[in-house]
Amino acid sequence: MRDNDITYILENEDPTWAILLYTNATGGRIAGQRAKDAFEKRIKESPELVNLAISMVVGVSEWNAEEMSNPYDLMNDGIKETQYDV
């Protein structure tokens, strides 16, 4: 993460967080893939976690002023995009 990116905890029970990146959707997908790669690497290197079923799902959304009117629209679109992460 860079200094101007902001992390939000969305849900504690099923750990869910969001990162507001100051970039476009392409940059967001690159950052998301880097985060997933680093996450998977750390899981494999951790003896305590290697045998657990842990995964990271990434959804990327870009602000669209024609379709979005408030921050919740952006957040909900990002959450919806997690359904398409493979």
Side-chain angles (χ1 to χ4, degrees):
M1 284 186 41
R2 302 164 301 188
D3 290 338
N4 61 339
D5 298 332
I6 303 168
T7 303
Y8 297 91
I9 298 295
L10 301 177
E11 184 180 335
N12 286 324
E13 196 168 305
D14 183 14
T16 305
W17 70 93
I19 302 173
L20 179 59
L21 301 172
Y22 291 94
T23 187
N24 58 21
T26 301
R29 283 191 270 293
I30 291 168
Q33 189 59 53
R34 286 181 183 161
K36 284 182 76 165
D37 292 345
F39 179 83
E40 290 172 10
K41 181 181 177 189
R42 291 221 174 145
I43 295 297
K44 289 177 184 174
E45 293 173 349
S46 174
E48 299 86 14
L49 301 176
V50 73
N51 293 320
L52 297 177
I54 301 174
S55 64
M56 175 185 278
V57 179
V58 174
V60 175
S61 181
E62 184 174 28
W63 179 259
N64 181 335
E66 293 177 12
E67 297 177 8
M68 299 173 179
S69 60
N70 61 62
Y72 295 106
D73 292 337
L74 178 62
M75 181 183 74
N76 289 330
D77 191 60
I79 291 170
K80 183 178 81 177
E81 288 297 315
T82 63
Q83 299 168 358
Y84 305 106
D85 187 33
V86 284

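Since this is a predicted model, take the numbers as computed values, not measurements.
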Using the test side-chain hydrogen bond (donor to acceptor under 3.5 Å, both in side chains), find all partners of Ser46 that sit at least two apart in sequence or belong to another chain. Glu48
With rounding to the nearest 0.5 angstrom, report the CG to CG distance, Leu20 to Leu74. 7.0 Å
What closest approach, in Å, do Leu21 and Ala31 show between heavy atoms, and which atom pair accounts for it? CD1-CB, 3.7 Å
So salt bridge (Lys or Arg N to Asp or Glu O under 4.0 Å) across residues 10-24, not counting sequence neighbours, yields none
Side-chain atoms of residues 37-44: list all donor-acceptor pairs with protein atoms under 3.5 Å, sequence neighbours left out, distances to 0.1 Å.
residue: Asp37; atom: OD1; partner: Gln33; partner atom: NE2; Å: 2.8

Specify the closest pair of heavy atoms between Ala18 and Leu10, including all atoms of both residues, with the distance to one decimal. CB-CD1, 3.8 Å
Quick one: side-chain hydrogen bond (donor to acceptor under 3.5 Å, both in side chains) partners of Glu67, sequence neighbours excluded? none
Non-neighbouring partners of Thr26 that pass side-chain hydrogen bond (donor to acceptor under 3.5 Å, both in side chains), sequence neighbours left out: none
Nearest-0.5 Å distance that lies between atom OG1 in Thr23 and atom CZ in Arg29: 10.0 Å
In terms of hydrophobic clustering (I, L, V, M, F, W, Y; side-chain heavy atoms under 4.5 Å; direct or indirect links), are Ile30 and Ile19 co-clustered? no
Hydrophobic cluster membership, Met56 vs Ile9, 4.5 Å side-chain cutoff: yes
Answer with yes or no whether the hydrophobic clustering places Val50 together with Ile54; edges join I, L, V, M, F, W, Y residues whose side-chain heavy atoms lie under 4.5 Å apart. no
Scan residues 55-66 for pairs that pass side chain to side chain donor-acceptor pair (under 3.5 Å), counting only residues two or more places apart or in two chains. Ser61-Asp77
Return the minimal non-hydrogen interatomic distance between Ile6 and Tyr22, and the atom names on each side. CD1-OH, 3.8 Å
